[in-house]
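The structure under discussion appears below in the form of structure tokens.
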Amino acid sequence: MSSGSAKPKILLLGDIDQCVDPTNSAHQSWNALGELGELVKPTATNRAEFLQECQSGKFEGAVAAYRTFFSVKITGLVDEEIVNALPNSLKYLAHCGAGYDQVDVHACSARNPPIRVSNVPTAVDDATADVNMFLIIGALRNFNTGMHALREGKWRGQPAPPLGHDPQGKVLGILGMGGIGRNLKKKAEAFGMKVIYHNRRELNEELAAGAQYVSFDELLSTSDVISLNLPLNADRFKKNTRHIISKAEFAKMKNGVVVVNTARGAVIDEAALVDALDSGKVFSAGLDVFEEEPKIHPGLVRNTNVILVPHMGTWTKETQTAMEEWAIENIRLALAGGKLKSPVPEQAGL
Ligand SMILES: O=CC(=O)O
């Protein structure tokens, strides 16, 4: 904590408890931070106003900021411009989510002193892998076509949807075997699927837990279902995973493959996916994330073989609360002891 008499400020970018439940313990935990600092919420409703608020000096003395995924609607991406507009006093940025592609960590590290960034790993794993499994089953069975026809008063539709496929005995290729990928593996095995994976590095035996490590190309060419569980890395300092699945990768897949994405929309080239669905190369897809949320490619909306969920991977009361509590704990530990609970790996040596 600062030694001066004024309390440091703590910024809230977005909202605590997106489910708007005042009984959620995260509200109490957030309010309890008031003992360590003055809690400040910007009034900006868009990026220009937010930049103006930063320039007005209103946030001077802020040491830490908590941000949500959906705060991007107001501030836009936390890119170099936003990072450099934030007050010099700001030392910590606690992102409430596992994927932190909205934050330019390099720009945060380059500041003097740097802004230390944290995310929320593990707390998201179960809920996201549950949605992942729902999408795998939904896409394999082609449930969306029947469900859509039913709501139009046409029962299963005319003609009826093509027969779906059982998960039992199918090869699930997991691209990105982090916490969510490994959680998905366990769930998929309960449905009788055989799991192979590709990752930047092969996992040790304990973490792999029997899943076979294969090359990227082998995963593409031998999987019946391909699940994207890797982070979106679009900055110039990490392997770029933007459009890691595009036209050339679809061409290498089995005919009639199922593709599922709960990671970030931009790891797939959406236009190439639409073409692969239209040609029948891809039998069906299950998507929780999109390239330009909340915009959805019209080719996905019109295709009832695609099961669409509006980014609800962690949208449960229990998981949202756990994530919020985790992110708040990052701020509490930083203010009380100068250390984040879960700094992002890129800043490990900082
Ligand atoms: O999308 C959700 C997350 O990154 O936690």
Connected to W155, directly or through other members, by ILVMFWY side-chain contacts below 4.5 Å are L150
Same apolar cluster: W315 and V124, side chain cutoff 4.5 Å: no
Do F59 and P42 make a side-chain contact, defined as non-hydrogen atoms from C-beta onward lying under 4.5 Å apart? yes
Treating K281 as the side-chain partner and M253 as the backbone partner, does any N or O pair qualify as donor plus acceptor under 3.5 Å? yes
State yes or no: do M323 and L12 share one hydrophobic cluster built from I, L, V, M, F, W and Y residues joined by side-chain heavy-atom distances below 4.5 Å, directly or via other members? no
Could you tell me whether a side-chain N or O of S89 sits under 3.5 Å from a main-chain N or O of A62, the two making a donor and an acceptor? yes
Show the numbers, then the answer: is there a side chain to side chain contact (heavy atoms under 4.5 Å, CB included) between R67 and V72? CA-CA 9 Å; R67 82 175 291 279; V72 75; 4.0 Å; yes
Approximate separation, where rounding is to 0.5 Å, of D126 CG and I180 CD1: 10.0 Å
When you measure from the side chain of E60 to the backbone N and O of G57, does any donor-acceptor pair fall under 3.5 Å? no
In a check of ring pair (Phe, Tyr, Trp, His ring centres under 6.0 Å) between Y66 and each of Y92, W30, W326, which one passes? W30
Inspect the contact between K247 and D275 and indicate whether a charged nitrogen and a carboxylate oxygen are less than 4.0 angstrom apart. no
Test item: S223 side-chain N/O and L220 main-chain N/O as donor-acceptor pair under 3.5 Å: no
Kindly work out whether a path of hydrophobic side-chain contacts (I/L/V/M/F/W/Y, heavy atoms less than 4.5 Å apart) joins Y197 to L207. yes
Between K194 and E189, is there a salt bridge with N-O shorter than 4.0 Å? no
Using atom types as modelled and distance alone, determine if a side-chain donor or acceptor of S71 lies under 3.5 Å from a backbone N or O of T68. yes
Single-linkage hydrophobic cluster L39~I16, side-chain heavy atoms < 4.5 angstrom: yes
What's the separation between atom CZ in F69 and atom CG in D101, rounded to the nearest 0.5 Å? 7.0 Å
Does a salt bridge link K41 with D15, judged by any charged N lying under 4.0 Å from a carboxylate O? yes
Measure from the ring center of F290 to the ring center of H297 and say whether it is less than 6.0 Å. no
Flag, side chain of D79 to backbone of I82, donor-acceptor distance under 3.5 Å: yes
Check this for me, if you would: do K187 and D125 make a salt bridge, where the nitrogen-to-carboxylate-oxygen distance has to be below 4.0 angstrom? no
Using side chain to side chain contact (heavy atoms under 4.5 Å, CB included) as the criterion, list what pairs up with A44, not counting sequence neighbours. E49, F50, E53, I74
CD (E205) with more than 12 external heavy atoms under 6.0 Å: no
Starting at CG of N303, measure out to CG of L308 and round the result to the nearest 0.5 Å. 9.0 Å
Say whether, by atom type as modelled, one donor and one acceptor occur between the side chain of H198 and the main chain of V214 under 3.5 angstrom. yes
For K91, the salt bridge (Lys or Arg N to Asp or Glu O under 4.0 Å) test, sequence neighbours excluded, returns none
Please check this pair: side chain of T319 against backbone of A127, looking for a donor-acceptor N/O pair closer than 3.5 Å. no
Would you find a donor on one side and an acceptor on the other, under 3.5 Å apart, between the side chain of R116 and the backbone of A94? no
Atom CZ of residue position F134 - does it have more than 12 heavy atoms of other residues, nucleotides or ligands inside 6.0 Å? no
With a 4.0 Å cut-off, would you call E329 and R332 a salt bridge? yes
Any chain of hydrophobic side-chain contacts (each under 4.5 Å) joining I328 to L333? no
Are more than 12 heavy atoms from other residues, nucleotides or ligands located less than 6.0 Å from atom CD of Q168? yes
Side-chain (R156) to main-chain (G146) donor-acceptor, under 3.5 angstrom: no
Which atom pair, heavy atoms only, marks the closest approach of T304 to N144? O-ND2, 3.0 Å
Gap separating the CD1 atom of I331 from the OG atom of S118, nearest 0.5 angstrom: 7.5 Å
Closest non-hydrogen atom pair, S246 against E249: N-OE1, 2.8 Å
Exactly one of D288, N261, N229, N183 clears side-chain hydrogen bond (donor to acceptor under 3.5 Å, both in side chains) with N132, and that residue is N229
Verify the ring-centre separation between H165 and F283: is it less than 6.0 angstrom? yes
Output for pair (F216 CZ, R200 CZ), nearest 0.5 Å, gives 14.0 Å
Should we count CZ of R141 as having more than 12 external heavy atoms under 6.0 Å? no
Nearest 0.5 Å please: distance from the OG1 atom of T262 over to the CG atom of L228. 8.0 Å
Among I268, D269, V267, which residue meets the side chain to side chain contact (heavy atoms under 4.5 Å, CB included) test with H243? D269
Go through the steps for H148 and K154 under the test side chain to side chain contact (heavy atoms under 4.5 Å, CB included), then give the verdict. CA-CA 9 Å; H148 184 76; K154 298 176 184 159; over 6 Å; no
